[in-house]
Trainee: 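Next up is a structure, given as structure tokens.
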Number of protein chains: 2
Amino acid sequence: MDRNNQRPLTLRDVSEASGVSEMTVSRVLRNKGDVSEATRKRVQEAAKRLGYVPNKIAGALASQRVNLVAVIIPSLGNMVFPEVLSGISEVLEDTELQPVIGVTDYMPEKEEKVLFEMLSWRPSGVIIAGLEHSEASRAMLAQAGIPVVEIMDVDGDPIDACVGISHRRAGRKMAEEIIAAGYKKIGFMGTKMPLDHRARKRFEGFTRTLAAAGIEIADREFYSGGSALAKGREMTAKMIERTPDLDFLYYSNDMIGAGGLLYLLENGVDVPGQIGLAGFNGVELLDGLPRQLATMDACRKEIGTKAAQIIAARHAGNHPPEGDLINLAPKLTLGDTLRR
Amino acid sequence: MDRNNQRPLTLRDVSEASGVSEMTVSRVLRNKGDVSEATRKRVQEAAKRLGYVPNKIAGALASQRVNLVAVIIPSLGNMVFPEVLSGISEVLEDTELQPVIGVTDYMPEKEEKVLFEMLSWRPSGVIIAGLEHSEASRAMLAQAGIPVVEIMDVDGDPIDACVGISHRRAGRKMAEEIIAAGYKKIGFMGTKMPLDHRARKRFEGFTRTLAAAGIEIADREFYSGGSALAKGREMTAKMIERTPDLDFLYYSNDMIGAGGLLYLLENGVDVPGQIGLAGFNGVELLDGLPRQLATMDACRKEIGTKAAQIIAARHAGNHPPEGDLINLAPKLTLGDTLRR
DNA sequence: TTGAAAGCGCTAACAC
DNA sequence: GTGTTAGCGCTTTCAA
């Protein structure tokens, strides 16, 4: 603690300080193999006194084992992903594995780059959002020789394992609910979708189901960037002015839905009598709104835990029939914004 | 791309496939040193065809350089930290450095553990939230021999560099504003604070300034966990029932402030005439609220960029007089909830 | 229970 | 411009 050393300490330093061979020091520090209580004490003391921090780089190279799990997600600002991450962390905390986060900003090229970087650290597994990846990314994942779990979505072709919900089905379910409630003039608001495959799939499931019932989306509006709450407000204002006879608004996420809800309530619109509303995600935030927005839970935490469990199981040698696919059922919450 | 290889490819494989020495292959792949255009082409082709992903573990061990920056923050669910991270990422993207995120959940023991783990990968620098760390953590940071930037807060004793705002001053400034506006019966709501030093410091700065003006906090309430928006609602309801003559509510973060605002507006309270409100953080979310909540910007993004710049500069060999301390000035936004 | 030797996959440093 | 040699700091393996 008092050495002004530039060079980080090595096993050798601890070995010399304790008068025990490097090998034995290594064994003590890893709790591996039998070491007498006496030497163990001496080594631990020396290590602590010197402030030795093992070099995982060297350890990983020598042992050919890296206890990292690459977790690749589109964004941290979305609230959805931190929840997935917390599910992952919770599970991995009980193992020797550690998550490492990479962010793609919804850009395939960046995903490819991040993936390459992470794979070059030879992680023990990969958890990656979505089923849509560049050819190169898919190839890397397939070649890596490690468990790969694609999460959030199940509508597509997994490389290996997969945990998520069907967003098409989610869109369909919500449409069915809306139709059953008797709404007819429906508007849609969401993100510009080329970026967001899951939002697109929900939209597809939604519109197709309406179409099958002879209903066509009466108006639509897309945004990108900015405060989602404010965008929800703006888009809603614009849309009900443009299409005043709408009786339902479906938002592709709860945040813009909340913005719309606040706007409508302020303007004295009867929700859900005059206009019904629904969002998507089931974010915690909704609990504090004046009305409970109808929404559909995306099973974020569960996706995280299940994905991590798959990685952990494979890592421990359990090879549950490779290619596990877990299709979770999103839970619908009617709240107070969808009349029954 | 078609080999069903268990063993990951090595430089040697690329070397053999291209008929070029490992050393030259390495040079090509790193763009280091002079290589003829012809061999460069051959090597790149071979590498791509095989799907070679370099092994950074080995590279780092050999070169003694790891281009990772450990970023240690309390939480990802807070919105504040993702913004700091995006500032960091933006700056590091133009360098060879890469951020790696560690989360402490506001727990000193976990911070210590995460720090130890990260340091064992021998990163090129550390960015860590807060100035309060365990003895062991401080020792590790001091010993590591790499640039360390403590962020968010400047009220304390930095180990090395430091970028943040003074939370005491932030609390003081808000108190001054409130006093100047003529409010007298002031309530405070916030997180349970043993965990959150910055919230505590704001509270201290706030109460001391009030005290100096002969005002004492009339009521207070603390929460932990749950939806902050909902908590803001609940606490506000409880507090104004308990202490009906309050004329100002200071919230330790914008989210609970937003909950309080929504509650008061719903209940027909005149804001800011009857009761004034203020939060802290300047989160984007506020833009979508019915009223603009008075708040103070925590300079989150700027903290991220400045911290990353310090690391990047040091990494590049520029040693700006060690121990740089950047004290940013939080910007006050009066909004519509603090009468003038 | 402990130690010595070999080598993980790469790169620095030096030949050629 | 290209190749050779010797490690980086550990762990694996085998011997004592």
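In this text, all values refer to a predicted model and were calculated from it rather than measured experimentally. All chains are named by letter (A, B, ...) in the order of the sequence lines, taking the proteins before the strands, and each is independently numbered beginning at 1. Keep in mind that the numbers below use all heavy atoms, side chains included, and drop hydrogens, waters and symmetry copies.
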Trainee: Roughly how many Å is it from CD in A:Glu16 to P in D:dG9, rounded to a whole number?
Mentor: 13 Å
Trainee: Atom CG of A:Asn55 to atom P of D:dG7: distance rounded to whole Å?
Mentor: 18 Å
Trainee: Using five pairs at each end of the helix from C:dT1-D:dA16 to C:dC16-D:dG1 to define an axis, what is the angle between those two axes, to 10°?
Mentor: 30°
Trainee: Please test A:Lys110 against A:Asp105 for salt bridge (Lys or Arg N to Asp or Glu O under 4.0 Å), starting from the C-alpha separation and ending with a verdict.
Mentor: CA-CA 7 Å; A:Lys110 194 159 178 202; A:Asp105 294 322; 2.9 Å; yes
Trainee: Picking from D:dG9, D:dT12, D:dG3, which would you name as closest to the side chain of A:Leu61?
Mentor: D:dG9
Trainee: Give a yes or no on whether the backbone of A:Ala58 and the side-chain of A:Asn55 come within a donor-acceptor separation of less than 3.5 Å.
Mentor: yes
Trainee: Mapping A:Lys56 and B:Val20 to their closest nucleotides on DNA chain D, which lands nearer the 5' end?
Mentor: B:Val20
Trainee: Do A:Ser89 and A:Ser86 get their side chains close enough for a donor-acceptor pair, meaning under 3.5 Å?
Mentor: no
Trainee: Please confirm whether the shortest side-chain N or O distance from B:Gln64 to OP1 or OP2 of D:dG9 is below 4.0 Å.
Mentor: yes
Trainee: If only side-chain N and O atoms of B:Arg40 are considered, is one of them under 4.0 Å from the OP1 or OP2 phosphate oxygen of D:dT2?
Mentor: no
Trainee: I'd like to know whether B:Glu132 forms a salt bridge (Lys or Arg N to Asp or Glu O under 4.0 Å) with B:Arg138, so could you lay out the CA-CA distance, the side-chain angles of the two residues, the decisive distance to 0.1 Å, and finally the verdict.
Mentor: CA-CA 9 Å; B:Glu132 286 76 17; B:Arg138 290 184 62 91; over 6 Å; no
Trainee: Can you tell me if A:Arg27 touches the phosphate of D:dT12, counting only side-chain N or O atoms and a distance under 4.0 Å to OP1 or OP2?
Mentor: no
Trainee: Tell me the interatomic distance from B:Asp34, atom CG, to D:dT2, atom P, rounded to whole angstroms.
Mentor: 9 Å
Trainee: Please determine whether a side-chain nitrogen or oxygen atom of A:Tyr52 lies at a distance below 4.0 Å from atom OP1 or OP2 of D:dC10.
Mentor: yes
Trainee: Expressed as a whole number of angstroms, how long is the span from A:Leu29:CG to D:dG9:P?
Mentor: 16 Å
Trainee: Among side-chain atoms of B:Ser26 and B:Arg30, is any donor-acceptor pair under 3.5 angstrom?
Mentor: yes
Trainee: Ignoring hydrogens and geometry beyond distance, is a side-chain donor-acceptor pair present between B:Ser36 and B:Thr39 at under 3.5 Å?
Mentor: yes
Trainee: Using atom CZ of A:Arg7 as one end and atom P of D:dC8 as the other, report the distance to the nearest whole Å.
Mentor: 11 Å
Trainee: Quickly work out the B:Arg12 CZ to D:dT4 C1' distance and round it to whole Å.
Mentor: 13 Å
Trainee: A:Arg122 has an atom CZ; how far is it from atom P of D:dT11, in whole Å?
Mentor: 19 Å
Trainee: At a heavy-atom distance below 4.0 Å, which nucleotide of DNA chain C is the first touched by chain A, and which is the last?
Mentor: C:dT1 to C:dG9
Trainee: Can you measure from CZ (B:Arg40) to CG (B:Leu29) and round to the nearest 0.5 angstrom?
Mentor: 9.5 Å
Trainee: Between B:Thr24 and D:dG1, is there a contact of a side-chain N or O with OP1 or OP2 at under 4.0 Å?
Mentor: no
Trainee: With a 6.0 Å cut-off (strictly less than), is the heavy-atom count around CD of A:Glu16, excluding the residue itself, greater than 12?
Mentor: yes
Trainee: Rounded to the Å, how far apart are A:Leu50 CG and D:dG9 P?
Mentor: 16 Å
Trainee: Looking at D:dG3, D:dT12, D:dT11, which one has an atom nearest to any side-chain atom of A:Ala62?
Mentor: D:dT11
Trainee: Indicate yes or no: does A:Glu22 engage A:Arg12 in a salt bridge with an N to O separation below 4.0 Å.
Mentor: yes
Trainee: Answer yes if the side chains of B:Glu150 and B:His133 hold a donor-acceptor pair under 3.5 Å, and no otherwise.
Mentor: yes
